[in-house]
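Encoded as structure tokens, the structure appears first; notes follow it.
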Amino acid sequence: MMNKQKNSARLLPRVLRNTYGVIGLGTSLFILSNTTFAACTYTIDNQWGSGFVASITVKNDTSAAVNNWSVNWQYANNRITNSWNATLSGSNPYTATNIGWNGNIAAGQSISFGFQGNTNGGTVERPTVNGTLCGAAVSSSSQSSVAVTSSSRSSVAPSSIPSSSAIPSSSAIPSSSSRSSLAASSVNNSVPANNFAQNGGVESGLTNWGTTAGTVTRSTADKRNGSASALITGRTAAWNGLTFNVGSLTTGNEYQVNTWVKLAPGTPDSVITLTAKRVDDSDSSTYNEYTRVATITASANEWRLLEGYYTQSGTAFQHFIIEATDTTISYYADDFAIGGQVVAVSSSSRSSSSSSTAQTCELKAPLKWTSTGPLISPKNSGWVSIKDPSVVKYNGTYHVYATYYDTSYKSMYTSFTDWNAAQQSAHISMNGSRVGNSVAPQVFFFRPHNKWYLITQWPGTYATTDDIRNPNWTAKQKLLQGEPSGALDFWVICNDTHCYLYFSRDDGVLYVSKTTIGNFPNFSGYSIVMEDHRGNGNQYLFEAPNVYKLDGQNKYLLMVEAWPSGPRMFRSWTSSSLDGPWTALADTDSNPFAGNNNVEWPSGKWANGISHGELVRSGYDERLTVDPCNLEFLYQGQAGNGSSYDTIPYKLGLLRLKK
């Protein structure tokens, strides 16, 4: 690779200006009419064994607005593995700066960001948070100039840039977006949909693999999958890294990118970064061709996932770089993957979600579906029904958690790679397990915690696991403080800043509670989303709320089960925000989202009504993305009558949206 050599005398003023803009310090740091103070609070949100989740809140306690912020702190033993809602730099001490949307703190308001870390054999620490905003005073001025201190920025040069260029701050490399990067050691894989990386697993020699400097070899000494991995040795500078070529990328399109990394034996934990590199432009004084995609702390003891999102812009794409801040360490990389839009789309249809489709499909009423026959039916001794499914497609396998009834309501798990094999797969009861019975479950992977979450009811609780294939989850913990009586069918979805907990009470009202990403899974209080008391008062907004983010669109889809005049069906609404307002899409008995009136049964009608279920997601994490071009809905169908509601023989079938 030809590295872009820049004149350091010309470069320094330009980069300092760029750095101030990134870390939020410069002539426009404060807009105020009097002295400004902000309080910086460090909070332990959750802790377990060798890990913890914490958050820092920066509150503006005055009547003046604060524009852009930067804080720093240091541990004795603890180390951070990933973060969200801030740009994190350094490897202890750490510096956090605002991202685009949370740089302004209005008077009396606060912002919070979070992170996950390891205790490294010590206890969970509560360090002091420092920075110009943390209790410091700035004299009155309309544009107060603030000097940059060494504590407010990293002294590490951008690792993609040759050290001879003398870059003063790693902040000069912009992050690809406000998304947090992911570091998962316990997740089996995270292959993006539509993965078009060739030889990411290093099975065909070193095709597409290379280095910016140092030596790359195909190593069989350690690998995550298959027979080999890529190993870089002989590094002499931070910018010496592995490269991977994915071909050309389309301007304006977003890509999910990841690879697994592991340090050479005996190497202490070290920071590894993933950077996107474009072809050099004509300006020799800037480094606009580099975009930081993700950062993690890698280990010599296990493979860890380095994952983030990249949107192509500027000059033509060149390659991705996997590099380390420690200048001489050696490390492995394996299973490089990239997915996303591969053809140009209009700016109005570009997605901020984990979209893997090149096509954008608008949902328009009336909708039409076809149904399979029953795919999952009671087969274990004494089981009467299977209902309330949650389905996650992960690593090519469908994982289904559901309710079953024998003499009481219990929960089950099954998995399969083909819907036609679902009935032949083992139906495993969770009765007697640590988590116990988890009725009306919802399952998703929460990236900030690197854990799978199971949400259930009676009362609203959550449990976690590191392996979705193992139905022995942790013991349940309370989900909603102040939960009202009769609450059921809890549903969680998150955007980049908050998580939302929707639920019903069989009273014609849809409710929601809201918390920050950093505070999840702790919810408190609730408000009303909508209510409809026609009929007997509850039948138009009954149960089973579902909310999803539509791939390729700035739009959310809300579904609620109802029974206006006959068998159960789903009504639907859309909104550009999880806070609403919601606009009706298909919400009547004659024009439902899904119901008897818009479903065809090629193999013969076996179910009366479309009841509690889930759409099959395009992703598996807390954003709950679905592909509107290929909607599938796993639902419970009433396949007969029972002596009571409990004994109705519900079975699970799959709806597919007609195009």
Side-chain angles (χ1 to χ4, degrees), residues 1-3 160 182-185 187-235 239-250 253-265 267 272-279 293-294 296 298-300 302-310 312 316-324 329-343 356-358 393-397 417:
M1 167 187 167
M2 293 298 293
N3 286 299
S160 329
L182 312 179
S185 59
V187 180
N188 293 321
N189 207 343
S190 184
V191 179
N194 191 31
N195 175 29
F196 56 88
Q198 300 295 315
N199 195 39
V202 205
E203 298 304 303
S204 300
L206 289 172
T207 301
N208 289 327
W209 290 90
T211 64
T212 54
T215 302
V216 60
T217 57
R218 183 177 184 270
S219 174
T220 57
D222 203 342
K223 61 274 185 185
R224 185 180 172 276
N225 275 317
S227 58
S229 64
L231 170 66
I232 185 170
T233 57
R235 297 175 63 250
W239 61 270
N240 298 174
L242 290 166
T243 63
F244 189 83
N245 179 25
V246 298
S248 61
L249 300 180
T250 303
N253 287 352
E254 183 188 59
Y255 301 87
Q256 180 183 357
V257 191
N258 63 42
T259 188
W260 292 80
V261 294
K262 186 177 182 181
L263 304 182
T267 305
I272 300 287
T273 62
L274 178 64
T275 300
K277 169 65 169 65
R278 294 173 290 279
V279 173
V293 176
I296 62 163
S299 169
E302 62 180 355
W303 288 90
R304 292 184 177 175
L305 180 63
L306 181 61
E307 182 171 28
Y309 294 83
Y310 170 69
Q312 169 63 16
F317 186 77
Q318 186 172 354
H319 53 221
F320 288 99
I321 309 172
I322 307 162
E323 50 205 352
I329 65 170
S330 301
Y331 50 90
Y332 303 92
D334 200 359
D335 294 336
F336 195 101
I338 180 171
Q341 300 167 320
V342 293
V343 299
S356 62
T357 63
K393 188 176 184 181
Y394 177 69
N395 238 7
T397 297
T417 58

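Heavy-atom basis, side chains included; hydrogens, waters and symmetry copies ignored. Along the sequence shown, residues carry numbers from 1.
At least one donor-acceptor pair under 3.5 Å links the side chain of N195 to the backbone N or O of I338. In terms of modelled atom types and a separation under 3.5 Å, the side chain of S219 and the main chain of A221 share a donor-acceptor contact. Although no hydrogens or angles enter the test, the distance criterion places no donor-acceptor pair under 3.5 Å between the side chain of T233 and the main chain of S330. With hydrogens and angles ignored, the 3.5 Å screen pairs a side-chain donor or acceptor of N199 with a backbone N or O of G205. Looking only at distances, a side-chain donor or acceptor of T212 sits under 3.5 Å from a matching main-chain atom of W239. Using modelled atom types, no side-chain atom of Y331 and backbone atom of I272 make a donor-acceptor pair closer than 3.5 Å.
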Trace of the side-chain contact (heavy atoms from CB on, under 4.5 Å) decision for E323 with T275: CA-CA 8 Å; E323 50 205 352; T275 300; 2.9 Å; yes

T259 and F320: side-chain contact (heavy atoms from CB on, under 4.5 Å), yes or no, with the steps? CA-CA 11 Å; T259 188; F320 288 99; over 6 Å; no

Verdict with reasoning, Y255 to V246, per side-chain contact (heavy atoms from CB on, under 4.5 Å): CA-CA 11 Å; Y255 301 87; V246 298; over 6 Å; no

Just do the side-chain contact (heavy atoms from CB on, under 4.5 Å) check on R218 and S227 with the steps written out, would you? CA-CA 10 Å; R218 183 177 184 270; S227 58; 3.2 Å; yes

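When every heavy atom of A333 is checked against every heavy atom of L242, the shortest pair comes out as CB-CD1, 3.7 Å. Of all the heavy atoms in W303 and W260, the pair that sits closest is CZ3-O, 3.5 Å. Between A294 and G308 the shortest heavy-atom distance is CB-N, 4.0 Å.
Of the listed residues (T267, D222, L231), just one forms a side-chain contact (heavy atoms from CB on, under 4.5 Å) with K262, and that residue is D222.
Note: F244 and W209 have perpendicular aromatic rings, judged against thresholds of 30 and 60 degrees for the angle between ring planes.
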